[in-house]
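Worksheet for the structure shown next.
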Amino acid sequence: MQTCCIFIHVIAKFSTGILVDNDTQLTKLIAEIVRRLSRLVGGFMALLDEDRIFPTDPAVRDIARALYNDVRDLPIISPHGHTDPRWFAENAAFPDPAQLFVTPDHYIFRMLHSQGISLDALGVPRADGTATEQDPRKIWQLFAQNYYLFRGTPSRLWVDHALQEVFGVTQPLSADTADDIFDQIDGQLKQDAFRPRALFEKFNIEAISTTESALDDLRWHKMLNDSGWGGKVVTAYRPDAVVDPEFDGFATNIEKLGDITGEDVTSWRGYLAAHRNRRAFFKNYGATSTDHGHPTARTEDLTPDVAAALFDKALRGKCTPDEADAFRGHMLTEMARMSVEDGLVMQIHPGSFRNHSAGVFAQFGRDKGFDIPTRTDYVNALKPLLDAVGGARDLTIILFTLDETAYARELAPLAGAYPALKLGPPWWFHDSVEGMHRFREATTETAGFYNTVGFNDDTRAFCSIPARHDVARRVDCSYLATLVATGRLTNREAPEVAYDLSYRLAKDAYRL
């Protein structure tokens, strides 16, 4: 009805000649008619509202939409994530919709599990190899009939985007449509156009970084390098298994580190040399960053003698919990010093109580949806590292948090003062529409835009990458539109900032 009224309004004004000398107003009104009619006609043929996430105030929404239209098709820089390099190296077809959308995505199966659905029924592999559900259609049907659980969550936006934009699905996912949608996606996955490299190109990914353990042989990255394919897929150095005395098999991991580097890792000096060796190896396969997932943000700057003694205790399994945390903290400072030497960007992801459910961890292993955010101190915890290298202009340390209370109180003031520090985007539980808004509102006043690093998707779910970047671009454009509408940013500046947040900051910060 409202669309019809606007149409009548335009015709009436045109007939009286009011619009003859006002082409701009005419253009805007006609564009609004086309947009609304398109939504009316397409409402039953689209899963996504074209104005999703934008402000509800019409004037501010117009600004947001214009900013978004300038950046929506920019290439994707995906500088941190957990996609499998094997996908791109072998370029084999994805097996089926369930293994593409459900079983690898802890955002998906943790929500389903919270409602009493077993991980076995979702096909999540058990740690001991015991069989779980293998029928992808059954897994997909279970997902579909419970899809309503994701209403209002970012996962709903991501999955709907992938269904519509990647696979052309126009029906809402439900128990009734599950089989038809499964068949549609399954048929497409058998086509060359839906293999990993083709989707990489379709998604307009300019560069993507995977994340591998310090002990990884990087065979898939080697295969990629030798393949001649032009897609840019690089690795990132993740040393948790060989810097955390509480990591399963720490002493054995250190022994393996010595075997692959040829260094005497029973000595402190040899241990540090082994890290330098591996970092150089990772750089040979395109690495521009390291990644550190520690329980806390604690850092230490111990003397070599104290560090060596602590390392010896760690090798013998004799560290107390506090000593283990101190050793991890000292290794963050050592890693920062190495980054000054070799130029690798350092990412710190603290504040997660990993594998909170002992039962799920015992049955299914790590990363199965039971990592829970904790309170995190940054001001005191980071001081030893910052005293050592915080003023280095050739060092970039990107800080993430799962504790949003730290944004305005600690993180933004730190990043707004120390040259080495930058703020990573909302991560994990907070990479949502609301979380991204809160991030901008809490940090911009103190750190500005240019002490942040744009967006990264941090995902194992390949088809969600364009969806996640689309959400981030819409949120940022909405925030910028509010600044323009309230006179805090000019119409000339806003498009430049939107471009930077969508593309340039991530590319520059991660040196991609």
Side-chain angles (χ1 to χ4, degrees), residues 81-84 95-136 138-151 153-156 158-159 211-213 215-216 238 240-241 243-250 252-253 291-296 321 324-325 328 349-376 400-403 427-432 435 457-462 464:
H82 301 282
T83 51
D84 190 341
D96 57 70
Q99 291 190 61
L100 185 60
F101 280 92
V102 183
T103 55
D105 192 342
H106 59 75
Y107 285 86
I108 297 296
F109 60 68
R110 78 183 303 271
M111 174 67 82
L112 298 172
H113 187 69
S114 76
Q115 291 288 309
I117 298 170
S118 73
L119 297 181
D120 285 328
L122 295 168
V124 177
R126 282 184 172 250
D128 63 2
T130 302
T132 59
E133 180 58 65
Q134 297 298 301
D135 185 336
K138 286 184 179 179
I139 296 169
W140 184 259
Q141 180 68 38
L142 188 59
F143 172 47
Q145 71 188 42
N146 290 282
Y147 191 50
Y148 70 93
L149 297 173
F150 296 93
R151 290 169 179 165
T153 68
S155 293
R156 170 65 178 268
W158 301 334
V159 173
T211 306
E212 276 72 54
S213 161
L215 302 175
D216 197 290
R238 178 89 175 213
D240 298 5
V243 300
D244 181 0
E246 295 179 321
F247 202 97
D248 291 342
F250 176 73
T252 301
N253 294 339
D291 185 33
H292 309 268
H294 288 204
T296 71
D325 199 35
R328 286 189 295 263
H349 286 82
S352 176
F353 189 126
R354 304 272 177 175
N355 311 302
H356 193 272
S357 169
V360 169
F361 177 65
Q363 291 180 329
F364 296 93
R366 307 174 69 86
D367 303 321
K368 295 301 182 290
F370 278 88
D371 297 345
I372 308 298
T374 62
R375 291 186 295 272
T376 306
F400 291 80
T401 192
L402 292 175
D403 181 1
W427 165 51
W428 207 342
F429 293 92
H430 306 305
D431 52 356
S432 62
D457 46 76
D458 187 40
T459 185
R460 292 175 175 82
F462 185 42
S464 76

Notebook entry, point to check: What are the two closest heavy atoms between Pro295 and Arg328, and how far apart are they?
Noted result: CD-NE, 3.6 Å
Notebook entry, point to check: So, does Ser357 use its side chain to make a donor-acceptor pair with the main chain of Asn355 at under 3.5 Å?
Noted result: no
Notebook entry, point to check: Of Asp84, Asp105, Asp367, which is the lone residue that meets salt bridge (Lys or Arg N to Asp or Glu O under 4.0 Å) with Arg460?
Noted result: Asp367
Next item on the list: Heavy atoms only: give me the nearest Trp158-Ser464 pair and the separation to one decimal.
Entry: CB-CB, 4.2 Å
Checklist line | Test log, rule side chain to side chain contact (heavy atoms under 4.5 Å, CB included), inputs Trp427 and His349 | finding: CA-CA 9 Å; Trp427 165 51; His349 286 82; 3.3 Å; yes
Next item on the list: Any chance you could lay out the salt bridge (Lys or Arg N to Asp or Glu O under 4.0 Å) test for Asp403 and Arg375, step after step, and finish with the verdict?
Entry: CA-CA 6 Å; Asp403 181 1; Arg375 291 186 295 272; over 6 Å; no
Notebook entry, point to check: Within the distance-only criterion (no hydrogens, no angle test), does the side chain of Asn146 pair as donor or acceptor with the backbone N or O of Leu142 below 3.5 angstrom?
Noted result: yes
Item checked: From Trp428, Phe429, Phe150, residue fulfilling side chain to side chain contact (heavy atoms under 4.5 Å, CB included) relative to Tyr107 -> Trp428
Item checked: Pro95: partners by side-chain contact (heavy atoms from CB on, under 4.5 Å), with sequence neighbours left out -> Gln99
Check: With no hydrogens and no angle check, is any side-chain donor or acceptor of Asp371 less than 3.5 Å from a backbone partner on Ser352?
Finding: no
Checklist line | Donor-acceptor contact below 3.5 Å, side chain Thr103 vs main chain Gly123 | finding: no
Next item on the list: Give the minimum heavy-atom separation between Ala127 and Gly365, together with the two atoms involved.
Entry: CB-N, 4.1 Å
Check: What are the two closest heavy atoms between Pro136 and Ala98, and how far apart are they?
Finding: O-CB, 3.6 Å
Next item on the list: Measure the OG-CZ distance between Ser114 and Phe109 for me, rounded to the nearest 0.5 Å.
Entry: 12.5 Å
Next item on the list: Determine, step by step, whether Asp244 and His294 satisfy the side chain to side chain donor-acceptor pair (under 3.5 Å) criterion, reporting the C-alpha distance in whole Å, the side-chain angles of both residues, the deciding distance to 0.1 Å, and the verdict.
Entry: CA-CA 8 Å; Asp244 181 0; His294 288 204; over 6 Å; no
Check: Do Phe370 and His106 have their ring centres less than 6.0 Å from each other?
Finding: no
Item checked: salt_bridge(Asp120, Arg126) N-O dist < 4.0 Å -> yes
Margin query: Applying salt bridge (Lys or Arg N to Asp or Glu O under 4.0 Å), can you list everything that pairs with Asp240, at least two apart in sequence or on another chain?
Written below: Arg238
Note to self: What verdict does the side chain to side chain contact (heavy atoms under 4.5 Å, CB included) test give for Glu133 and Leu122, after you've listed the backbone C-alpha separation in whole Å, the side-chain angles of each residue and the deciding distance to 0.1 Å?
What the structure shows: CA-CA 6 Å; Glu133 180 58 65; Leu122 295 168; over 6 Å; no
Margin query: Could you tell me if Thr459 and Asp457 have a donor-acceptor pair between their side chains, going purely by distance under 3.5 Å?
Written below: no
Next item on the list: Starting from the C-alpha separation in whole Å, work towards a yes-or-no answer on side chain to side chain contact (heavy atoms under 4.5 Å, CB included) for Ile139 and Phe101.
Entry: CA-CA 10 Å; Ile139 296 169; Phe101 280 92; over 6 Å; no
Notebook entry, point to check: Looking only at atom types and distance, does a side-chain atom of Asn253 sit under 3.5 Å from a main-chain N or O of Gly249, one as donor and one as acceptor?
Noted result: yes
Note to self: Quick one, Gln363 with Leu119, criterion side chain to side chain contact (heavy atoms under 4.5 Å, CB included). Give me CA distance, side-chain angles, the key distance, then yes/no.
What the structure shows: CA-CA 10 Å; Gln363 291 180 329; Leu119 297 181; over 6 Å; no
Next item on the list: Report yes or no: does Lys368 contribute a side-chain atom to a donor-acceptor pair with the main-chain N or O of Arg366 at less than 3.5 Å?
Entry: yes
